[in-house]
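Read the numbers this way: they start at 1 and go in the same order the structure lists the ligands and their atoms.
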Amino acid sequence: MYLTKRQEKILMGEEGPAKARALEIIVRVGESLGADKLIRIRHAHVSGISYLNIGEPGLKLLEELADTGGRAEVYTTVNPSCIDLSGESLIIDNSVADKQLRINKALEKMGFHPTYTCIPYLYRPPSINEALAWGESNAVVMANSYYGARTNREGGPLALAAALTGYTYHAGLQLIENRTASVRVRVGFEPGEGDYGLIGLWLGENIEDIPILEFPKPPSYYGLKLLFAASAATGSHGLIVVENVTPRNTYRVEAEDRVTIEKSMLEKYQYKPGRDESILGYLGCPHLHPGELYQLAGMIESYERVRSGNALLLSIPLDYYYTMTSEIAILRRRGVDTAFGTCPIVSRLRGEYDVVLTNSGKAWFYLQKLHGFKVAIASPREIVRAIMEK
Ligand code: F3S
């Protein structure tokens, strides 16, 4: 791999041990993927920061990097952690707060922005064709497919290394030849609010190559957000081309195969909770966009309260605690639980429920797989109706 003089100096430790260690990781991975050089990135997004996932070894590594001079070389955001940063959620278990707060302190010491969210594009929307190094699969697909930027699906350590050096390897989805859609997937019905997550689950499970998706009508932004997240959970997509949405000249198409998704093909992901089952409603995987939270607060305002035995949990970025105070107040007055800078997949939950009802295909997948919940998918309107009383 070709390295510039500066990159060689970094490797030799001239800009400190943390940066040398980070660049070595990127060079090794790049070489194994056949990269010819390193390229500069404009934004790193670091995932894998939950104490429950990375434990003591991860905590130690982050503190060591921060203490040995590791500092962000580019704009860097961070994914949700395992605690509710408001400390007010009754559902998220904050018992490892002391450990998680040490991780957060190390991240902030390195100059990372304390966003604690999986929708980093809200804070800095990527530009067409700009190079990024993002962890968090839902955000990766959004960056490549909606914004037309270029990022590989980085693991936590690689995104961290990119943040500390400002570089990534020139391979994978950074190259136009690897952004070629090879199968046309037609959505054979007009999706409602609750259908996008289901389409994503099916797509991830059944289509391995990069697809080009065709909808009967323009899909909604919030719908695509759910679809991309679900597809990246059940499959390995980093790019899903959406006709008339993905910016031109950021992908190629060489598709001979054609598949149609019919509504009947999505039935296996659905389940109707029984009348006596206690329900945990969950919205916010990926974290709710301000527009989604605003709509929800409007919808919930006409209800009295969450019905006894049920709960409704929303996961949202930390800063809404300070910026969306009137919406949060409406929700809390009606017994809705709001968790800031976390989500039920990267944290532990308190309370027992027979079933989780969510609009998120990604949550459907992980809440069953990691926490053993029974999970069903519904639209936000159906969820609110099932959980709240007038
Ligand atoms: Fe975000 Fe947690 Fe879902 S990190 S994408 S809300 S699993």
Side-chain angles (χ1 to χ4, degrees), residues 45-54 58 77-85 89 91-93 100 103-104 107 112 114-123 134-146 151 153-156 159 196-197 200-201 204 221-238 240 280-290 292-293 296 312-320 337-349 356-373 375 377 380 383:
H45 179 70
V46 178
S47 59
I49 63 142
S50 159
Y51 177 76
L52 294 176
N53 295 336
I54 61 176
T77 45
V78 293
N79 227 31
S81 82
C82 69
I83 56 169
D84 162 43
L85 291 163
S89 166
I91 297 179
I92 301 291
D93 176 351
Q100 184 63 56
I103 290 177
N104 297 4
L107 296 168
F112 300 173
T115 49
Y116 302 107
T117 185
C118 46
I119 52 169
Y121 45 86
L122 180 66
Y123 295 88
W134 283 12
E136 179 45 56
S137 59
N138 96 79
V140 167
V141 186
M142 196 72 172
N144 284 314
S145 315
Y146 185 85
T151 173
R153 227 176 121 151
E154 306 295 7
Y196 286 96
L201 286 172
Y221 178 82
Y222 301 143
L224 287 178
K225 174 173 169 269
L226 290 165
L227 187 157
F228 293 155
S231 173
T234 49
S236 56
H237 293 132
I240 294 171
L280 169 62
Y282 170 50
L283 298 162
C285 174
H287 273 182
L288 292 173
H289 188 279
E292 291 174 293
L293 186 68
L296 261 173
L312 180 55
L313 172 67
L314 312 182
S315 58
I316 45 190
L318 172 61
D319 76 293
Y320 299 3
D337 198 287
T338 41
F340 296 84
T342 186
C343 81
I345 288 93
V346 297
S347 63
R348 284 193 203 121
L349 299 187
V356 179
L357 212 49
T358 180
N359 65 339
S360 164
K362 179 169 180 175
W364 179 91
F365 180 74
Y366 282 113
L367 286 173
Q368 292 181 79
K369 191 174 167 197
L370 302 178
H371 299 307
F373 280 109
V375 190
I377 293 191
I383 295 171

Enquirer: For the backbone of Val46 and the side chain of Glu154, can you confirm whether one donor and one acceptor N or O come within less than 3.5 Å of each other?
Expert: no
Enquirer: May I ask you to test the Ile83-Ile92 pair for a side-chain heavy-atom distance under 4.5 Å?
Expert: no
Enquirer: Atom 1 (Fe) of ligand 1: which protein N, O or S atoms are under 2.8 Å away?
Expert: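 The answer is Cys118 SG.
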Enquirer: Suppose I only count heavy atoms of Tyr282 and a 4.0 Å limit; which atoms of ligand 1 are within that range?
Expert: 6 (S)
Enquirer: Looking at His289 and Lys225, would you say the former's side chain and the latter's main chain have a donor-acceptor pair under 3.5 Å?
Expert: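 Side chain of His289 to backbone of Lys225, a donor-acceptor pair under 3.5 Å: no, none is there.
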Enquirer: May I ask you to check whether Tyr222 and Tyr196 place their ring centres under 6.0 Å from each other?
Expert: no
Enquirer: Does Thr342 use its side chain to pair, donor to acceptor, with the backbone of Asp84 at less than 3.5 Å?
Expert: no
Enquirer: With backbone taken as N, CA, C and O and side chain as the heavy atoms from C-beta onward, which portion of Phe365 lies under 4.0 Å from ligand 1: side chain, backbone, both, or neither?
Expert: neither
Enquirer: Ignoring hydrogens and angles, tell me if any N or O in the side chain of Asn79 forms a donor-acceptor pair with the backbone of Gly135 under 3.5 Å.
Expert: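 It does not hold such a pair.
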Enquirer: Just by distance, do the side chain of Ser89 and the backbone of Ala339 share a donor-acceptor pair under 3.5 Å?
Expert: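 Looks like no, no N/O pair under 3.5 Å.
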